[in-house]
Amino acid sequence: MRRGPYADDPVVVVGSGAAGLSLALRLAPHRPVLLVTKGFLGDGSTRYAQGGLAAAVGPDDSVAAHVLDTLGAGAGLVDPEAAREVCGGGPARVADLVALGVDFDRDPDGRLALAREGAHSRARVVHAGGDATGRHIAAALALAVAGDPRIAVRAGEIVLEVLVRDGRAAGVRTRDAGGHEHVRPAGAVVLATGGMGHLFARTTNPVGATADGVALAARAGAALADLEMTQFHPTALAVAASPLPLVSEAVRGAGAVLRDAAGHAFMAGEHPQADLGPRDVVARAIWRRARADGRDVALDLTHLDPGAVHARFPSISAACREHGVDLARDPVPVTPAAHYAMGGVLTDLAGRTTLPGLWAIGECASTGLHGANRLASNSLLEAVVMGRVTAADLADPPLVWPEGPLAPARPLVLGDAPGAEVRAAVQRIMWEDCGVERDADGLARAARALDRLPAPAEPEAAGLVEVARMTVAAAARRTESRGAHFRADHPAHDPAQAHRTGWCGGAPFEIAPAPRGAAAHRPAPPAAVRKEHE
Ligand code: FAD
Ligand code: SIN
C-alpha cells in the first residue's frame, strides 16, 4: 500500500454534461480534477434539454409534493431516500445556476416562470430561452469550467477502459482525437457519460449517447441496475433523421392535443390526465394508434395563438421548419423514441458504485430516483444535485492507495466488423424486439440476433452490443409490466417483482432501498452474486 500524497493523482471525471461539469466545478477547490470528454466541452444530452429542470420553487409547491410526484411516476420502484435527497436539493441548485449566470425565463412580475409537464401535480419546471434550457445550462457550466485553472480538460478524448489496481479503480485508458492512446492514473474515477439512446433505432439522444459508462463499469466489475427501464418519449418528430428532434412535453403542457389519423383526440379515452398522462402511457397509446392507423399520430396546435407558439418554442419551431412542418399551423407528426435510461451503474446517494474508487453520476448512474419511469425534467435536476453531493464525498476520500500494476479487470475486445454496421444492427434489433412493447418471443429473438453479431472495430459499437445483451436479459427477466417496461405477454404489475434489480457479472440480485437518512451507503451485491462473478 502507498500512502498519498493524493494530490499526485487527479480525480478523473469522464464526461462534460450537466453532471460532469457540476461535479468538476465543486471538486476543484479540494482536489486536482482531470475532465476527459469525447466531444467538445459541454456536449452530451444536456445541451439538447428543452422542457427544463424540475424544482419545488413555486409559491404553491413543496419538496414533499415533488417527492410524491416522483414516487408516483416511478411505479413503485423509486427509492424514497433518493427522491428526498434529489428533490430536496432542487431549490438551492436552481439558485446556484442563477448565480452562475443561467438566465431562466421569468414571469412579467420577475418571478421564475414555471411550466407544467406530464405527471407533475403542479407547474414546477424552470426553463430558459423558452425551450433551450439545456443549452443555457451547459453553456454556463462549460464557461465556468473552462475558466477554472484548477480543472484540466482533455476534450476529444474517449475513455476506453477503467483501469483497476488491486480491486480499486485507479485510472483510465483513453484515445485522443489523433488516435494516440494514454494511460491516465487517477485517485478516483467518476463516470458522467450520459445515456444510451443509441441502443435503439429511434432516439432523441445525440450521437454520443452510446452507453459507454455502463459498458466501462461492467468491464471494470461494478454492478449495474434496472437496465430494462428505458423511457420512450412519446413525441419525437417523426421524420427521417437521427437523432429525431424532440417535441417537448411542454408543448402539450401549453395545450397541444394528440390526434389520430381520423382527427380524434384519443388520449382523453386513455388516461384521466389525457395528453399529459404519464410518459409511458402516452408513448404506448401513440405506438398502438399509429400501428392501427398505419400512419403517424399528430400533435395539433392550431387552436393556439401562432405567435405565442413560435415565441415560446423557438427551437422546436425551427426544427419543425427544417423538415417542412409549421409547428403552429400543421399537423405535427410524432413518434415515440428512446429518450432516457432510468437504469445504469448502480450507486448510492453519494455516487459510489460497488467498485471502490469508482463513482457514477447523472444519466449513466442508477441511484433509484427514477424507479420504473422518470418524472419529466427530473434528470437535469439529478445531474446538478448529484454533481454537488458526489464532489463533497470525493473531497474527503481515504488517503491510502494500493500499489501494483494498473490493468483493466476485463479488457475491451475489438474485432474488425465496421462499427457503423454493427451499431445499425443493434439499433434495429433493439427497436423491433426490446422497444415500447416487449414479449418473451421477441426478447429471445433479440438475444439470438445480438449473439450472432460480429465483434466491431469501434469501442462505442462494442459497448452498445454488450449493453444491448444485458438490457435484453434484464427485460426478459422482468415478467411483468411496470412503468416504462411493458411486457405484452405480462401486461399487469406483479407485486412480487416490486423491487429494483441489480446485475453483477451477469447475475441478478434484488436491490434494497437506501436506509433513511443515509446518503453514503455503498451498494454491494449479495455475497453469493459476488462469488458467481469472481
Ligand atoms: P450528458 O449531458 O449526456 O453528457 C455526457 C458526457 O459524457 C458528454 O460530454 C459525452 O461526450 C461524454 N462521454 C460519453 N462517453 C464518453 C467516453 N467514453 N469518454 C469520454 N467522454 C464520454 N432532462 C430534463 O431534466 N429536462 C429536459 O427538459 C430534458 N430534455 C431533454 C431533451 C432531449 C432532446 C434529450 C436527449 C434529453 C433531455 N433530457 C431532459 C434528459 C437530460 O438532458 C439528460 O438526462 C441529462 O442532460 C444527462 O446529463 P449527463 O451529464 O448525465 O450526461
Ligand atoms: C421534454 O421537454 O419533453 C423532455 C423533458 C424531459 O425529458 O425531462
Side-chain angles (χ1 to χ4, degrees), residues 12-23 35-55 115 117-120 125-128 131-135 137-138 141-142 154-162 172-176 191-197 203-216 231 233-237 243-253 279 282 313 315-316 319 337-342 344 360-365 370 374-384 386-387 412 459-460 463:
V12 171
V13 179
V14 188
S16 65
L21 293 169
S22 304
L23 178 127
L35 192 150
V36 181
T37 191
K38 67 181 176 179
F40 55 87
L41 192 66
D43 68 344
S45 292
T46 297
R47 60 192 299 275
Y48 293 90
Q50 296 181 348
L53 182 152
E117 291 184 1
H120 283 275
V125 178
V126 296
H127 46 87
D131 56 6
T133 313
R135 208 160 67 224
I137 291 178
L141 289 170
R154 305 261 176 227
E157 189 163 314
I158 184 169
V159 172
L160 304 172
E161 282 169 344
V162 170
V172 293
R173 183 166 71 89
T174 69
R175 191 168 66 201
D176 66 25
L191 299 172
T193 53
M196 38 182 145
T203 180
T204 61
N205 289 191
V207 68
T210 43
D212 298 19
V214 176
L216 288 166
Q231 181 170 76
H233 196 290
T235 56
L237 192 63
L244 295 178
L246 181 70
V247 183
S248 172
E249 203 155 272
V251 172
R252 277 172 285 133
R279 207 165 261 191
V282 183
F313 303 111
S315 318
I316 301 169
H339 182 62
Y340 185 83
M342 275 76 74
I361 56 169
E363 186 168 342
C364 72
H370 307 298
R374 177 181 61 109
L375 184 66
S377 290
N378 260 2
S379 39
L380 286 177
L381 171 69
E382 185 187 36
V384 294
M386 290 306 294
L412 167 68
E460 286 160 305

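As the structure lists them, so they are numbered: ligands from 1, and atoms in each ligand from 1.
Ion pair Arg374/Glu382 not flagged as a salt bridge, since none of the NZ, NE, NH1 or NH2 atoms sits closer than 4.0 Å to an Asp/Glu carboxylate oxygen.
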Test side chain to side chain contact (heavy atoms under 4.5 Å, CB included) on Glu460 and Lys38; report intermediate values, then the result.
CA-CA 11 Å; Glu460 286 160 305; Lys38 67 181 176 179; 2.5 Å; yes

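Side-chain contact between Tyr340 and Arg279 is absent, with no heavy-atom pair separated by less than 4.5 Å. With contacts defined as side-chain heavy-atom distances shorter than 4.5 Å, the pair Thr174/Arg154 does not qualify. Between Leu381 and Leu53, some side-chain heavy-atom pair lies under the 4.5 Å cut-off. At least one side-chain heavy atom of Ser45 sits less than 4.5 Å from a side-chain heavy atom of Asn205. The shortest distance between side-chain heavy atoms of Thr210 and Thr193 does not fall below 4.5 Å. Between Val282 and Arg252, some side-chain heavy-atom pair lies under the 4.5 Å cut-off. Looking at Val251 and Thr235, their side chains never come closer than 4.5 Å, going by heavy atoms from C-beta outward. Residues Leu216 and Val172 are not in side-chain contact: their nearest non-hydrogen atoms beyond the backbone lie 4.5 Å or more apart.
Interface of Ala376 with ligand 2, defined as ligand atoms under 4.0 Å from a residue heavy atom, comprises 8 (O). Those atoms of ligand 2 that come under 4.0 Å of a heavy atom in His233, given as number and element, are 1 (C), 3 (O), 4 (C). Distances below 4.0 Å separate heavy atoms of Glu249 from the following atoms of ligand 2: 1 (C), 2 (O), 3 (O).
Checked by distance only, ligand 2 and Arg374 come closer than 3.5 Å through their nitrogen or oxygen atoms. Residue Gly51 has at least one N or O atom closer than 3.5 Å to an N or O atom of ligand 2. For Asn378, no nitrogen or oxygen atom sits less than 3.5 Å from a nitrogen or oxygen atom of ligand 2, counting backbone and side chain alike.
For the residue pair Thr204 / His339, a side-chain donor-acceptor distance below 3.5 Å is found, with atom types taken as modelled.
Ligand 2 has at least one atom lying under 4.0 Å from a heavy atom of His339.
Residue, atom and distance of the protein heavy atom nearest to atom 2 (O) of ligand 2 are Ser248 OG, 2.6 Å. In terms of protein heavy-atom proximity, atom 8 (O) of ligand 2 is closest to Ser377 N, 2.6 Å. Closest protein heavy atom to atom 4 (C) of ligand 2: Arg279 NH2, 3.6 Å.
Residues lining ligand 1 at a heavy-atom distance below 4.0 Å are given as Val14, Gly15, Ser16, Gly17, Ala18, Ala19, Val36, Thr37, Lys38, Gly39, Asp43, Gly44, Ser45, Thr46, Tyr48, Ala49, Gln50, Gly51, Gly52, Glu157, Ile158, Val159, Ala192, Thr193, Gly194, Thr204, Asn205, Asp212, Leu246, His339, Tyr340, Gly362, Glu363, Arg374, Ser377, Asn378, Ser379, Leu380, ordered by chain and residue number.
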